Amino acid sequence: MAIARSPLYCWRVGEIEITRVLEFEAALFEPAVLYPEASPEIIRKHRTWLEPALMEPACGLLMFAFHSTVIKTPRATILVDTCSGNDKERPHKLRYHRKNWPYLANLGAAGFAPEDIDYVLCTHLHADHVGWNTRLLDGRWVPTFPNARYLFARKEWEHWQVGELRASYTTDPYFEDSLLPIIESGQAELVATDYAFDDSVRIEPWPGHTPGHICVLVRSQHASVVLSGDIMHTALQCAEPQLNSCFCVDAEMARVTRRRFLETFADSPVMVIPAHFPTPTAGWIRSHDASFRFHFDR
Ligand SMILES: [Zn+2]
């Protein structure tokens with residue numbers, strides 16, 4: 001597995017600093033597996049611009065990054081999405097199984113100790129967004145960020161409470177090792193999907209990929225950024241918004257939300273930071289023919 005490049009990327013929104021902290025980045029998904037509705041013609045049509053940065057030419061796999069985004073405001077340090085984690089038992093998701101990523105070293109290189117994080121926020125509660133909620137210490141799963149309040153959207157939390165719904169996603173014990181210990185430590189807080197930290201940082205409901213999926217909006221007088229979670233997994237979904245990933249819970253709502261998101265932010269100055277776009281990750285949505293393209297911040 002090719003592990004990539006600089007783990008650190010930094011952007012500024014007025015007084016707010018936004019830093020990407022990489023867990024890992026690799027050519028990972030076969031397009032037809034990630035997007036079951038993508039015909040070979042669709043893939044062929046876009047291959048020229050997907051290669052080489054977004055699709056590995058030799059193997060045809062789509063590039064994926066797993067990263068957290070740290071939002072440091074003058075008042076609080078908020079860590080969004082906690083990747084897949086170390087030492088987790090994921091026999092059905094081998095890309096996350098018993099890993100030993102230098103994630104905490106990367107976080108340290110960005111200037112943050114686990115103790116510095118005031119809030120942890122998950123755009124949704126899939127296994128690759130909650131992993132570093134906890135770490136293994138003396139055989140027990142303990143919160144990685146000892147001083148943080150962990151904010152989960154109530155709607156999202158309630159969906160994944162249901163064992164059968166969890167089982168239709170995976171039978172790996174991510175709920176037990178990455179979510180329950182946060183409840184038990186008393187650090188979890190269930191919030192509405194339109195929760196606001198203050199005037200400059202708030203969340204918004206963008207459901208479909210999961211029922212309580214949220215995006216995070218960071219705004220200053222002169223610049224805005226939106227952390228878009230898994231509304232799109234790759235830039236191919238800007239060009240083909242009807243393509244759902246195999247992980248989307250509500251297919252119809254995921255499509256409607258993705259199109260609404262693209263229409264909302266297309267040709268606007270708002271920078272988009274998706275949860276899985278490879279380095280350099282951030283960019284802007286631009287209209288292109290009757291659809292859209294993602295212009296990376298190079
Ligand atoms: Zn994800």
Side-chain angles (χ1 to χ4, degrees), residues 1 4 20-31 33-36 38 54 61-70 79-86 88 90 92-97 99 101 103 120-134 150-153 155-157 159-160 165-166 168-170 172 174-175 177-179 193 203-216 226-238 241 243-251 253-255 257-258 261 272-279 281-283 294:
M1 189 182 284
R20 185 192 78 151
V21 177
L22 192 66
E23 184 186 61
F24 77 105
E25 181 165 26
L28 216 57
F29 279 102
E30 225 173 284
V33 172
L34 182 63
Y35 303 120
L54 308 178
L61 299 181
L62 290 161
M63 291 292 299
F64 253 63
F66 296 80
H67 49 84
S68 297
T69 308
V70 182
L79 186 140
V80 181
D81 285 336
T82 61
C83 313
S84 63
N86 277 4
K88 307 276 170 164
R90 301 287 183 261
H92 301 97
K93 291 187 180 289
L94 291 178
R95 57 192 171 275
Y96 315 138
H97 187 51
K99 294 299 179 186
W101 304 115
Y103 172 86
V120 172
L121 189 58
C122 301
T123 57
H124 60 295
L125 300 181
H126 274 160
D128 58 316
H129 295 258
V130 302
W132 282 99
N133 283 1
T134 59
Y150 286 67
L151 310 188
F152 305 129
K155 198 166 181 188
E156 182 74 359
W157 177 260
H159 176 83
W160 298 112
L165 296 176
R166 275 206 307 279
S168 67
Y169 165 60
T170 183
D172 290 346
Y174 74 101
F175 191 78
D177 62 39
S178 301
L179 289 165
T193 47
I203 65 175
E204 278 185 355
W206 289 88
H209 176 63
T210 62
H213 184 286
I214 54 109
C215 292
V216 186
V226 58
L227 276 54
S228 59
D230 282 6
I231 288 181
M232 309 165 284
H233 284 83
T234 71
L236 177 61
Q237 286 166 293
C238 296
L243 288 183
N244 279 336
S245 78
C246 56
F247 306 113
C248 290
V249 172
D250 184 329
M253 198 189 291
R255 266 185 220 106
T257 290
R258 189 174 311 108
F261 184 88
V272 181
I273 305 182
H276 294 298
F277 282 24
T279 302
T281 295
F294 195 80

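Computed from a predicted structure; not experimentally measured. In each ligand, atom 1 is the first atom listed, and ligand 1 is the first ligand listed.
- The Zn ion (ligand 1) lies closest to atom OD2 when only the N/O/S atoms of Asp128 are considered.
- Ring pair His276/His67: centre-to-centre distance not below 6.0 Å.
- A distance below 6.0 Å separates the ring centres of Tyr103 and Trp132.
- Of the N and O atoms on the side chains of Thr123 and Asp81, at least one donor lies less than 3.5 Å from an acceptor on the other residue.
- Relative to the ring axis of Phe175, Arg166 places its NZ or CZ within 45° and under 6.0 Å from the centre.
- Vertex the Zn ion (ligand 1); arms to Asp230 OD2 and His276 NE2; angle rounded to 10 degrees, 110°.
- Distance check for His124 against the Zn ion (ligand 1): none of its N/O/S atoms falls below 2.8 Å.
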